[in-house]
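Atoms considered below: every heavy atom in the structure, side chains included; atoms not considered: hydrogens, waters and symmetry mates.
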Amino acid sequence: MRALLISLALAAWAGGSEAQQAADAVAPEVGAFEVAGAATPVTAEDWMIVTAHPLASQAGARVLGQGGTAADAMIAAQLVLGLVEPQSSGLGGGAFLVWWDAKAGALTTLDGRETAPQKATPLLFQKDGAPMDFFEAVVGGRSVGVPGTPMLLGEAHARWGRLGWADLFTEAQDHATNGFEVSPRMAASIAANADTLDRFTATRDYFLPGGRALGAGDTLRNPAYAETLAQFAAEGPAPFYTGDIARKITRAVQSAPGNPGTLSLLDLALYQVKERAAVCAPYRDHEVCGMGPPSSGAIAVGQTLGALDAYDLAALGPESAEARRLIGDASRLAFADRGRYVADPDFVPVPAKGLLDPAYLAARGALLNGAAALSEVQPGTPEFDHALNWADNLPIEMPSTSHISIVDGYGNALSMTTTIENAFGSRVMAAGFLLNNELTDFSFASVDGGLPIANAAAPGKRPRSSMAPTIVMQDGAPRLVIGSPGGSRIIPYVTNAIIAYLDWGMDVQAITTMPHAINRFGTYDLEEGTSAEALAGPLRDMGFDVELRGLNSGLHAIAIGDGLQGGADPRREGLAIGE
């Protein structure tokens, strides 16, 4: 039997004890294993999974080792993530999934984004005609959209699953019933958000029992989540949309003290997961493919790369300030277009084709020909057969999300970014899981300067996202599966990692570990405490405002070539397992 290879993001773990326990638990089922530090990618021959938590990777690895597909493994992993990393994703949130079907030789995407209630209006987050404070809007029922994740899991299994549905719940049910060890990251998130977690009885009792925030190493059980999982395993997604769990969700939203929402049983019953065509953009001799609107991810990643296609980034290298000038300003141009044009395509015509047209991107790229930072950045005018008369929109997007990358033994590949938006979402709990605050991804303002904003709220509408689950293709086959959490920083995180892989020849562990240097709206953010700080002076000389700050990505990547290589971002608690 082949060796099981495990990569631990050791830097994120105090001694890596729980990760080691996860490895020990899996090892008897799939053979001897090797543990590699965060500097070394994992190599494997048949399958690979990378998630944000060892217990989730363990669950997915068990499924893959038993002949399950990437879809099967994703379900098992997501069910565990919602328990052990509840601040980032779960059954009360939504997700975007990019799928490569090896047998069909085709890419597709599933949109499991949350939707606004039927009573939502463009004034949802306004008070006395002015936008609400962000956290005033977030905390409570007002910000909760219809969760898409439960239906997405069911849809993925119906299309691509191979193992029995109930078999995918084993680990999540065991951890919920018998307990799991609170990780350092979860404990730190609870401590940082204790003041808002304390506002709702169920949330307070779970995360702050007896008035004390849970600490790293505490054992936590969730019998309400175990009960929800039992219903989910027995009946599929239906109880979340028309049954008992749906009633618990609406009751929690509508009764949230101080800031109730309008989410109703009708809203839940109307929800649908939507299949959408993958959005692909050429870069070098590859196609970079991902999730189109309502996500801005694939368009903005593709636009940034397209504007850079004429520049020799390989010759400049990752430590070059000139390379960073080009990448940063290309990103700013993409964000300017994103802010004006991208929204839910079921409500707003989106010029996706025009935004990714090679001639348009070449013209945008020509703006980078100087030697200094662009003094100002404006949206372009892509070719389109509808009106382009929209106002700009810059909503606040918070970086508490998770990403799963999987390649299975059948050659299928899955890239899924999953979220409840802000850390701990709305802070409202129902049936053992947290509910999202995704509606705050809509613009709080509905018009600007007399022009409508494309990403304004509306009944049944899906808010714009920055999630960028990506599969990079070459010669009709997948070569790189990647994605990250990080709010709107997801786009440059993923873009820079692709550049590092394709232009700078870094391996998948190196591209997840590489110090961050990103620019979205003019200020260059450099990751403090890393070699990226050396870019501060040269970038300031070029005319950029520069800020040193923590940049907590969660890049998870799998390279496909002669076998598989996996990398997990050491900034979080990720684990890559392959066989």
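Residues R113 and D344 are not paired through a salt bridge, judged by the lack of any N-O separation under 4.0 Å between the basic side chain and the carboxylate. At a threshold of 4.0 Å, the pair D357-K353 does not count as salt-bridged, since none of the basic side-chain nitrogens sits closer than that to a carboxylate oxygen. Under the 4.0 Å criterion applied to side-chain N and carboxylate O atoms, D448 and R340 are not assigned as salt-bridge partners. Ion pairing between R162 and D408 fails under the 4.0 Å rule for side-chain N and carboxylate O.
Listed here is the closest heavy atom pair of L81 and S402: CD1-OG, 4.0 Å. Of all heavy-atom pairs spanning P485 and I490, the tightest one is C-CG1, 3.2 Å. Listed here is the closest heavy atom pair of I420 and G90: CG2-N, 4.0 Å. Considering every non-hydrogen atom in both V139 and F200, the closest pair reads CG1-CE1, 3.6 Å. The two residues M132 and L124 make their nearest non-hydrogen contact at SD-O, 4.3 Å. Counting all heavy atoms, side chain and backbone alike, F169 lies closest to W165 at CD1-O, 3.3 Å.
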I would like to know whether N455 and V342 meet side chain to side chain contact (heavy atoms under 4.5 Å, CB included); could you show each step before the answer?
-> CA-CA 7 Å; N455 187 41; V342 181; over 6 Å; no
Derivation of the salt bridge (Lys or Arg N to Asp or Glu O under 4.0 Å) call for D101 and R159 | CA-CA 10 Å; D101 191 302; R159 289 170 178 250; over 6 Å; no
Step by step, would you call L220 with Y206 a side chain to side chain contact (heavy atoms under 4.5 Å, CB included)?
-> CA-CA 9 Å; L220 184 59; Y206 185 64; 3.2 Å; yes
Step by step, work out the side chain to side chain contact (heavy atoms under 4.5 Å, CB included) result for N412 and W160.
-> CA-CA 9 Å; N412 304 309; W160 306 305; over 6 Å; no
Carefully, step by step, assess Q78 and L152 under the rule side chain to side chain contact (heavy atoms under 4.5 Å, CB included).
-> CA-CA 11 Å; Q78 176 64 86; L152 178 67; over 6 Å; no
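Without hydrogens or angle criteria, Y341 side chain to P349 main chain gives no donor-acceptor distance under 3.5 Å. One N or O on the side chain of S57 and one on the backbone of T51 form a donor-acceptor pair closer than 3.5 Å. With hydrogens and angles ignored, the 3.5 Å screen pairs no side-chain donor or acceptor of T440 with any backbone N or O of V138. Checking side-chain atoms of T250 against main-chain N and O of A246 turns up a donor-acceptor pair under 3.5 Å. For R464 (side chain) and R338 (main-chain N/O), a donor-acceptor pair under 3.5 Å exists by modelled atom type. In this structure a side-chain-to-backbone donor-acceptor pair under 3.5 Å is present from S484 to G554. Between the side chain of T417 and the backbone N or O of F96, no donor-acceptor pair lies under 3.5 Å. D267 contributes a side-chain N or O that, together with a main-chain N or O of Q118, makes up a donor-acceptor pair within less than 3.5 Å. In terms of modelled atom types and a separation under 3.5 Å, the side chain of S296 and the main chain of S465 share a donor-acceptor contact. Checking side-chain atoms of S415 against main-chain N and O of T470 turns up a donor-acceptor pair under 3.5 Å.
A 6.0 Å sphere centred on CD of E275 holds more than 12 heavy atoms belonging to other residues, nucleotides or ligands. Within a 6.0 Å radius of CD in E136, other residues, nucleotides and ligands contribute more than 12 heavy atoms.
Classification of the H556-H403 ring pair by plane angle, with boundaries at 30° and 60°, yields tilted. F134 and F444 have parallel rings, their planes meeting at less than 30° on a 0 to 90° scale where 60° marks the start of perpendicular.
Residues H53 and S183 bring no donor and acceptor atom of their side chains to less than 3.5 Å of each other. There is a side-chain donor-acceptor pair under 3.5 Å between T401 and T419. Between the side chains of D569 and Y493, no donor-acceptor pair of N or O atoms lies under 3.5 Å.
From I249, atom CD1 reaches atom CE of M429 across 12.0 Å, with rounding to the nearest 0.5 Å. How far OG1 of T109 is from CG of L97: 8.5 Å, rounded to the nearest 0.5 Å. The distance from atom CD1 of I75 to atom NE2 of H157, rounded to the nearest 0.5 Å, is 5.5 Å. In this structure, CZ in F232 is found 10.0 Å from CG in L168, a value given to the nearest 0.5 Å. Atom-to-atom distance recorded for S295:OG and R462:CZ is 12.5 Å, nearest 0.5 angstrom. The OG atom of S189 lies 9.5 Å from the CG atom of L197; values are rounded to the nearest 0.5 Å.
In this structure the side chain of Q303 reaches within 4.5 angstrom of the side chain of L355, judged on heavy atoms. In this structure the side chain of L123 reaches within 4.5 angstrom of the side chain of S446, judged on heavy atoms. In this structure the side chain of F433 never reaches within 4.5 angstrom of the side chain of T149, judged on heavy atoms. In this structure the side chain of I406 never reaches within 4.5 angstrom of the side chain of M416, judged on heavy atoms. Counting only heavy atoms from C-beta outward, the side chains of M467 and M291 never approach each other to under 4.5 Å. Y225 is listed as a side-chain neighbour of L91, based on a closest heavy-atom distance under 4.5 Å. By the 4.5 Å heavy-atom criterion applied to side chains, I190 and L208 are counted as neighbours. Contact annotation: the side chain of L439 approaches that of P117 to within less than 4.5 Å [non-hydrogen atoms, C-beta and beyond].
The side-chain contact (heavy atoms from CB on, under 4.5 Å) test with E114 singles out one residue from L263, N437, V146, N436, and that residue is N436.
For F335 and F521, the gap between ring centers is short of 6.0 Å. Between F207 and F424, a ring centre-to-centre spacing shorter than 6.0 Å is recorded.
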